[in-house]
There are 2 protein chains.
Amino acid sequence: MLSLTCKTAIKAVIYLASKYESGQKSGIIEIAEYIDASEHTVGKMLQTLVKEEVIFSSKGPNGGFYMTVKQKGQPIINIIEAIDGRDVFKQCGLGLSKCSSTHPCPMHIDYKLVRDLFERLCREKKICDLCEPLNNGIAYLVG
Amino acid sequence: MLSLTCKTAIKAVIYLASKYESGQKSGIIEIAEYIDASEHTVGKMLQTLVKEEVIFSSKGPNGGFYMTVKQKGQPIINIIEAIDGRDVFKQCGLGLSKCSSTHPCPMHIDYKLVRDLFERLCREKKICDLCEPLNNGIAYLVG
DNA sequence: ATAATAAAAGCATTCATTTACTTTTATTAT
DNA sequence: ATAATAAAAGTAAATGAATGCTTTTATTAT
C-alpha cells in the first residue's frame, strides 16, 4: 500500500517531531542514521516534505530540518500524500483503473472496507500522537 | 500490500473459476486476454499456482488450466500466499523487520488492525464467492 | 509412430524504484 | 568579506519486479 520511501518518510518525521522538545534542528545524516536508512534517500525525501510544507528546513551552520507545533499536529496522511500522492486510498485492490461502486471488481466492497479503515487511521492519528510512545520508550523506529 | 503479479493471479483464478460450469479448460492466451494482462506474466504466474496446487493444468491438445470444485472453495489467501509468500500479513507498516507487540513501531497497534482485517477477509472469502458477482454481471475483472 | 497442441522452464530485456554521487545555492559565524 | 556549513538540485547507477522471447517437455488425437 505504501512505498518504501513513504515508510522511511513517516519514520523520519516521527523522529523529527520527537526531537522538538530539544529545540535543535537535525541534519540529513543524523536522521538517516537514527532510522537506519540511506542518507541519499532520506535527503531527497526530506526535500519533498519541505516543498509540501510537512516540515521546515534552514540552510547554513546550525541549519537542518525541524518542525513547528502546528506541523507536529498534522495527521499522518499529510506525509503519505506528500510522498506517494493523493490517490493512495483510492486504488483498486485488484489494480483496475476504473473500479468503483458502479463498476466494481469482485473484491471491491471488502477491500474498500480495509482501505477506508487505513485511511481513517491515517487521518485521525497525528504525528505527535506517534512520537509520544517513542519518547516514552514504548515504541521503536528500528529493529 | 499485494504485488502486481498477485493481483493478476487473483483475477486469473477468478476467471478460471467462473469458467468451471462450461467444463472447458483455458489456455494462457485466453486467460491473459480476458484479464488484460501480459501473456508471459500470466504464464509464469499460472505455473506457480499449479505448483502450489491452487489450480490444475494439463498439457497437449485440449489441455489448459482448470479448477476442481474443491479448489474453487479455497480462500483467496491461498492465491496470495502462493504468489507473494506466507509473510504478507506479518509485515510491519513502517517496514521494521522485528516489529511485534513486544517491540512495536509507533503505528503497530493501528496498522495491525488494518492488516488483520484484510487477512480475515482473505481467509473468509472463497474463490467461488468472488466469481459469483462476475457470472451475474455485477462485477468486472477489467476496466 | 507421428504430428499437433499446450504447458513448463530458462534466459534476456525492460521498466520503475531506490540508492548513490556531484554540483549548486543559501545561510551563518567569524 | 570570507570560510564553513548544510540543504537543494540534478544526474547516474544499482536493484528488483515485471515482461518478453525461445526452447523443452508432456500429452493427445490421428
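What's counted below: heavy atoms across the whole structure, side chains too, no hydrogens, waters or symmetry copies. A note on names: the letters A, B, ... follow the listed sequences, proteins ahead of strands, and every chain is numbered from 1.
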[X] [atom1] to [N] [atom2], straight-line distance once rounded to whole Å:
X	N	atom1	atom2	value
A:M45	C:dA20	CE	C1'	16 Å
B:Y66	D:dT27	OH	P	11 Å
A:K11	C:dT18	NZ	C1'	14 Å
B:F65	D:dA26	CZ	C1'	13 Å
A:K25	C:dA29	NZ	C1'	13 Å
A:Q24	D:dA6	CD	C1'	15 Å
A:D36	C:dT18	CG	P	17 Å

For this session: List the steps, then state whether side-chain contact (heavy atoms from CB on, under 4.5 Å) holds for A:H108 with A:L96.
Result: CA-CA 10 Å; A:H108 182 74; A:L96 305 199; over 6 Å; no

With a 3.5 Å distance limit and no angle check, can you tell me whether [X] reaches the backbone of [Y] through a side-chain donor-acceptor pair?
X	Y	value
B:R115	B:Q91	yes
A:Q71	A:T68	yes
A:D84	A:S3	yes

Exercise. With respect to the phosphate group of C:dA7, does any side-chain polar atom (N or O) of B:Q47 fall under 4.0 Å of OP1 or OP2?
Worked result: no

Exercise. Reckon A:S58 has a side-chain N or O less than 4.0 Å from the OP1 or OP2 of C:dT28?
Worked result: no

Exercise. Are the side chains of A:I83 and A:L49 in touch, meaning some heavy atoms are under 4.5 Å apart?
Worked result: yes

Exercise. Is any side-chain heavy atom of A:I80 closer than 4.5 Å to a side-chain heavy atom of A:C122?
Worked result: yes

Exercise. Which part of the nucleic acid, if any, lies within contact of A:I28, taking any heavy atom under 4.0 Å across all strands shown: a base, the sugar-phosphate backbone alone, or nothing?
Worked result: sugar-phosphate

Exercise. With a 4.0 Å cut-off on heavy atoms, is B:S26 in touch with a base, just the backbone sugar-phosphate, or nothing at all?
Worked result: sugar-phosphate

Problem set entry | Shortest side-chain distance from B:N62, nucleotide among D:dA29, D:dA8, C:dA29 | D:dA29

Exercise. Which nucleotide, C:dA8, D:dA7, D:dA4, lies nearest any side-chain atom of A:P61?
Worked result: D:dA4

Exercise. Take atom CD in A:E52; do more than 12 heavy atoms of anything else shown fall under 6.0 Å from it?
Worked result: yes

Exercise. What base-paired stems does DNA chain D take part in, with at least 3 consecutive Watson-Crick or G-U wobble pairs and both distances under 3.5 Å?
Worked result: C:1-30 with D:1-30

Seminar exercise, completed: The contact string for nucleotides 15-25 of chain D, one letter per nucleotide 5' to 3', using protein heavy atoms under 4.0 Å with B, S and - for base, sugar-phosphate only and none, comes out as ---SBBB---B

Exercise. Does A:G60 or B:L46 map to a spot on DNA chain C nearer the 5' end, using the closest nucleotide for each?
Worked result: B:L46

Problem set entry | Residues B:S100 and B:T102: side-chain donor-acceptor under 3.5 angstrom | yes

Exercise. side-chain hydrogen bond (donor to acceptor under 3.5 Å, both in side chains): which pairs involve residues 40-51 of chain B, sequence neighbours left out?
Worked result: B:S38-B:T41

